[in-house]
Each structure stands twice: as C-alpha cells, then as structure tokens.
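So the structure is just underneath, and the comments pick up after that.
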Amino acid sequence: MLDRRWFSNDGPLVREFEAAVCAHLGVRHAVALCNATVGIEIASKALGLEGEVIVPSYTFVATAHALQWQGIKPVFCDIDPSTHNMDPDKIEGLVTPQTSGIVAVHVWGRPCDTAGIEKVARKHGLKVMYDASHAFGCSSKGRMIGGFGACEVFSFHATKFINCFEGGVVTTNDDELAGKMRLMRNFGFSGFDNVVYLGVNGKMSEVCAAMGLTNLEAMDGIVAANRRNYLAYCRELRAMDGISVVRYEEAERNNFQYVVVEVDPDACGRSRDEIVEALHSENVIARKYFWPGCHRMEPYCRTQPDAWRRLGQTERIAARVIVLPTGQTVVEETVRQVCRTIHKAVAR
Ligand SMILES: *Cc1c(COP(=O)(O)O)cnc(C)c1O
C-alpha cells in the first residue's frame, strides 16, 4: 500500500477485501465502508426508507441513530425473550401509513426469524434490511447471513469478530442497489466530474482493508478460541441456579463472539447489577448489553416517552444480561477466574 501510494478511493486492497467477503458469504456484492453506522445510513437511504421504520430497541444504539440521523423515526418493536431478536408477531401492530420498512438485527450473531419478518413485510409492502453487525460468519438454516432481505450490514469495528480497526460492509444480491451504494459512499461521484446522487464520504481506506484481509485469514482460529471459551463458560456456570448461558445452535455456523449470560434474580438470589459490580471490582470488564435499551436513551426517551409500555420483554432481558470477556487473548484459566468471581458474588 505504501509503495503504491494508493491509500483510499476504491483501491486494490478494498476490492480484494470486498471479493473475499463475497466469497465467504456467497453474495454477489459487498460494498466496503468506513463503519457499519454509515453503512446503515447509506443502505437505508439507497433502499428509499423514510417516515417510520420498525427496529428492535434491544440493540446497539447505532441501529436507531442511523435512521433518526436521516429524519426517519425508529419505531421500537419488542423481542422474543428466547432469542433476544425482534418478535415477528409484534411487528404488525406497529405498522402505520408512514411505515416504509424494517431494520432487524441478528443479535449476538444468532439469526432473526427472517421468514416471519419477511412474511409481515410482504403483507404490508415494507422493505427489509438487516443489521448483521454481530453476524459475520454465521448461518441461518444453513444459509450464510449476508444474503437475507434487500441487504445486510456488517461491522468490522475493533471490538467486533472480524476487525478492520474501523470498517463495515453492506452485502446484497441486488445489482442496482449495490451500484447506488457505491456512488453514495463516494459523494455520488460517477467518474471524475460527474455527481449523480447526494452522497457522503463512507469509503473504507486501504489500511483498514489490509487489516480486514489479515483477520479473514485468521478467522478459523478466532472462531476456535471463541468456541473454546464459550464451552468453558457453559461448563463452569452449568451448575449455578439462576445463571444461564445463551446457547448457540450447534447445527449452524457461529462466530461465538459473544458469551451472554442471563441472570434470573429470583433463582440466583443476586441481581445482574450486583454480579456486574463484583466482576468490575476484580477488573473484569463485563457489560450490561443493551442496557437500558435504545428507547431509554436520548433522544428517544424524550420523543417516544411511552415506548417502554410495549417493550416488556426488552426491558426484562436488558435487566438480566451480562456479556463476559472472550476472544483470542482470553485463555481457559481466565474463564475459570471470571466464573469463580461470579460464584463468589452469588454465594456471598
Ligand atoms: C457495533 C454495532 C453497530 C455499529 O457499528 P460501527 O461499525 O461501530 O459503526 C451497529 N449495530 C450493532 C448491532 C452493533 O453491534
């Protein structure tokens, strides 16, 4: 890259990264971007979403912000507590004449009920896209995530499964949509002096693509380390009342990037927050994802103050979940230490 003096603007490493993503996911197009938030903005704009869009509240706030940033109202839908994903049965009641689409999230890389979501969407003429930020390398009924809906958006942020420092990609099998997104990520430029769309600067740089290519090469090792840690957590926490590890479907491809536990305070005798405090006091950076839910954050808590009334499962799960440390730098002995801290916190 340094020898070529080609650092950005559709360089050879970005093209190679896009081709590698297509090959991994079995999709026709991968449009590499500076991050997934801009990816959701560009994809939803290219799709023509407007007015109101139905999204889960149980997600990272970027899913909602990317829509609100464009003046689209995110209408929050409750989740199925057994999957943590949007409940298709709760969508229909939120559809209004202003509704243009659905942005569903494959939370923890576990696939949404895409068939259920797309059935409601067809009935009401809504467009569907997915925030697949967590789901690189994951499958749904044997089909790789990346090819569902009109398009899917992945994040390659430093904290995600595959990292480009910062980065994202939108995947689609729709030639026209892909072409539109390629123009939009580069100010709408089509050739040197010809601007054909309103666009932004959403480009991925060459150094980010190089990081992504390197991490794609290491992908199997990352999955193996994540899976080893996930199984170790399952083993160490198995006998604990009121603590359950969220399971991955063994028949699917998973990246095992998130070790998610649910605390049932009645069965456990401790609240989720007490356990997180105990972990933090031992310098274990456990997280309360996605506490308190997008609908409890600005600006939505002000603009949609009653949304919580229909988000009972979202609130219940957001108050119970702990995400535990994992990844290649976490070894099995560290998992045992983290679990000992949880045992101690509960026994105290
Ligand atoms: C990380 C994340 C994003 C944002 O991704 P960036 O690449 O950091 O912009 C969006 N949605 C979800 C569900 C995420 O986890």
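Hydrogens, waters and symmetry mates play no part in the numbers below; they use all other heavy atoms, side chains included. Whatever order the structure lists them in is the order used to number ligands and atoms, beginning at 1.
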Can you list the ligand 1 atoms lying under 4.0 Å from a non-hydrogen atom of [X]?
X   : result
T63 : 11 (N)
N35 : 7 (O), 9 (O)
A62 : 4 (C), 10 (C)

Quick one about [Y] and [X] (side-chain donor to acceptor, distance below 3.5 Å, no hydrogens or angles considered), yes or no?
X    : Y    : result
Y300 : H65  : yes
S44  : Q70  : yes
T159 : H157 : yes

Quick check on [X]: does its [atom1] atom have over 12 non-hydrogen neighbours (other residues, nucleotides or ligands) under 6.0 Å away?
X    : atom1 : value
W69  : CH2   : no
E298 : CD    : yes
R228 : CZ    : yes

Does an N or O anywhere in [X] fall below 3.5 Å from an N or O of ligand 1?
X    : answer
D131 : yes
H134 : yes
H157 : no
A36  : yes
T59  : no

Review point. Does D78 have any side-chain contact (heavy atoms from CB on, under 4.5 Å) partners at least two apart in sequence or in another chain, and if so, which?
Key: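 side-chain contact (heavy atoms from CB on, under 4.5 Å) check on D78 returns K90, L311, Q313, T314.
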**Study point:** ligand 1 contact by G167, heavy-atom criterion under 4.0 angstrom
**Key:**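 Contact check G167 vs ligand 1: positive.
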**Study point:** Whether K160 lies under 4.0 Å from ligand 1, heavy atom
**Key:**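 Yes.
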Practice item. Run down the list S155, C164, C34 and name the one with the heavy atom closest to atom 7 (O) of ligand 1. Key: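 Nearest heavy atom to atom 7 (O) of ligand 1 lies in S155.
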Review point. Where is the nearest protein heavy atom to atom 10 (C) of ligand 1: which residue, which atom, and how far?
Key: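 For atom 10 (C) of ligand 1, the nearest protein heavy atom comes out as S133 OG, 3.4 Å.
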Review point. So which heavy atom in the protein is nearest atom 4 (C) of ligand 1, and how far is it from that ligand atom?
Key: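 Sorting protein heavy atoms by distance from atom 4 (C) of ligand 1 puts T37 OG1, 3.6 Å first.
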**Study point:** N-O pairing of R182 and E18 below 4.0 Å
**Key:**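 Judged by the 4.0 Å cut-off on N to carboxylate O distance, R182 and E18 do form a salt bridge.
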Check your understanding: Apart from F187 itself, what residues make up its hydrophobic cluster when side-chain heavy atoms of I, L, V, M, F, W and Y under 4.5 Å apart count as a link, directly or indirectly?
Key ->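 Members besides F187, by chain and number: F189, V195.
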